[in-house]
2 protein chains.
Amino acid sequence: MKKIDIFKKLRSSGLRPTKQRVEIAKFLFERDKTFHFTVESLDKLLAKRTTSKFALATIYNTVHAFKKAGHLSEVEVRGKKTYFDTNITNHHHFYDSETCELIDIDANDVVIQKIPKAPNGKKIKNVEVFINLKN
Amino acid sequence: MKKIDIFKKLRSSGLRPTKQRVEIAKFLFERDKTFHFTVESLDKLLAKRTTSKFALATIYNTVHAFKKAGHLSEVEVRGKKTYFDTNITNHHHFYDSETCELIDIDANDVVIQKIPKAPNGKKIKNVEVFINLKN
DNA sequence: TTTTTACTTTAGAATTATTATAAACTAGGA
DNA sequence: TCCTAGTTTATAATAATTCTAAAGTAAAAA
């Protein structure tokens with residue numbers, strides 16, 4: 001993804017393309033495969049790859065802004081950390097608690113045959129399937 | 001559940017039936033319906049219902065001891081808090097993010113037709129289905 | 001282009017949930 | 001009853017995240 005596209009992506013979602021956002025966006029979105037990360041891991045990776053430095057709060061702000069704009073999804077797993085996922089399509093996850101690793105599962109690879117009705121007055125927003133792994 | 005049964009329940013799982021544990025166990029297990037709670041909410045409820053006071057650390061210890069002994073299950077949902085569930089059978093959950101409320105779904109009410117193979121070297125430990133609700 | 005304004009970044013403080021610590025206490029066996 | 005290991009407790013520590021307020025910057029207005 002070219003710099004100009006990053007600019008577009010940010011601007012079209014109402015985010016000013018600041019130096020920090022552009023750098024973070026380039027790092028996150030210029031890749032073919034899905035990328036899972038926590039704020040902490042992203043911070044470390046950015047520190048390695050770039051010369052600029054980022055306040056931790058900036059990474060939190062940016063990642064949440066990207067999420068709000070629909071460029072990232074958030075995945076909550078057992079444990080204290082929040083993971084983010086560059087795969088924003090509807091999909092599911094394997095979770096390997098040994099390695100604390102998330103692995104995407106395509107939505108088509110999980111077929112649910114039967115599901116209960118939502119309680120009165122409520123609707124189903126989405127269904128998340130977590131497959132926990134062991135060795 | 002009678003006090004003597006609480007004693008048995010605790011002792012059979014290697015937990016000394018201390019005053020605190022017995023009171024907490026009575027509060028949690030002397031009910032017909034599933035009960036979902038966080039450590040924080042349990043603390044508040046206990047403060048209302050009983051005259052004894054409990055250190056927060058005791059509630060953490062006790063709840064985790066109960067979980068380890070298989071008397072409670074733990075459910076992680078979006079957000080920072082950890083929920084515990086007196087329903088220790090294999091089951092799923094609705095999650096109402098408006099009210100931060102968990103609702104049990106019987107395992108039989110969710111039928112999964114197709115599921116992907118675990119990655120190489122890994123096995124599937126369990127499958128958790130979360131149905132997120134909206135209004 | 002300069003000025004202005006609103007949005008951002010930043011470092012550090014604050015908050016929140018949880019766990020660790022170490023001293024005092026207690027259940028249950030010897 | 002005495003002893004010992006397991007428990008409880010208050011408090012400190014930790015960890016992830018959010019808040020704050022000052023300094024900086026992008027983009028609109030002049």
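Each chain gets a letter, A, B and so on, in the order the sequences are listed, and its residues count up from 1. No hydrogens, no waters, no symmetry mates; every other heavy atom, side chains included, goes into these values. In this text the structure is predicted, and so the values were computed from the model without any measurement.
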Just the table, please: protein N/O against nucleotides 10-13 of chain C N/O, every pair under 3.5 Å.
| unit_1 | atom_1 | unit_2 | atom_2 | d |
| --- | --- | --- | --- | --- |
| C:dT10 | OP1 | A:Q20 | NE2 | 3.2 |
| C:dT10 | OP1 | A:K53 | O | 3.2 |
| C:dT10 | OP2 | A:A55 | N | 3.2 |
| C:dT10 | OP2 | A:T58 | OG1 | 2.5 |
| C:dA11 | OP1 | A:K53 | NZ | 2.5 |

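- Atom NE2 of A:H64 is separated from atom C1' of C:dT9 by 17 Å (rounded to the nearest Å).
- A salt bridge does not link B:K19 to B:E23: none of the charged side-chain nitrogens sits closer than 4.0 Å to a carboxylate oxygen.
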Report task. Would you please test A:F66 and A:F29 for ring pair (Phe, Tyr, Trp, His ring centres under 6.0 Å) and show each step? Result -> CA-CA 11 Å; A:F66 287 177; A:F29 306 124; 5.6 Å; yes
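- Rounded to whole Å, the distance from CG on B:L10 to P on D:dT8 is 10 Å.
- At least one side-chain nitrogen or oxygen of A:Y60 sits closer than 4.0 Å to the OP1 or OP2 atom of D:dT17.
- The side chain of A:T18 places an N or O atom within less than 4.0 Å of a non-bridging phosphate oxygen (OP1 or OP2) of C:dT9.
- Atom P of nucleotide D:dT9 and atom CG of B:D43 are separated by 11 Å, given to the nearest angstrom.
- If you take CD1 of B:I6 and C1' of C:dA27, they are 18 Å apart, rounded to a whole angstrom.
- Under the 4.5 Å side-chain criterion, counting only non-hydrogen atoms from C-beta, B:S73 is not in contact with B:T86.
- Contact between the side-chain N/O atoms of B:R21 and the OP1/OP2 oxygens of C:dA27 is not found at any separation under 4.0 Å.
- The distance between atom CZ of B:R16 and atom C1' of D:dT8, rounded to the nearest whole Å, is 12 Å.
- Distance, B:I24 CD1 to D:dT7 C1': 12 Å, rounded to whole Å.
- When rounded to the nearest whole Å, the span between CZ of B:F7 and P of C:dA27 equals 9 Å.
- The shortest distance between side-chain heavy atoms of B:L28 and B:F37 falls below 4.5 Å.
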Can you give me every donor-acceptor pair (side chain of residues 102-111 of chain B, partner residue at least two apart or in another chain, under 3.5 Å) with its distance?
| unit_1 | atom_1 | unit_2 | atom_2 | d |
| --- | --- | --- | --- | --- |
| B:D104 | OD1 | B:H36 | NE2 | 2.8 |
| B:D104 | OD1 | B:H91 | NE2 | 3.1 |
| B:D104 | OD1 | B:H93 | NE2 | 3.1 |
| B:D104 | OD2 | B:T34 | OG1 | 3.0 |
| B:D104 | OD2 | B:N87 | ND2 | 2.9 |
| B:D106 | OD1 | B:N108 | N | 2.9 |
| B:D106 | OD1 | B:N108 | ND2 | 3.1 |

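- The distance from atom CD of B:E40 to atom P of C:dT16 is 9 Å, rounded to the nearest whole Å.
- Mapping B:P17 and B:V39 onto DNA chain C by nearest heavy atom places B:V39 closer to the 5' end of the strand.
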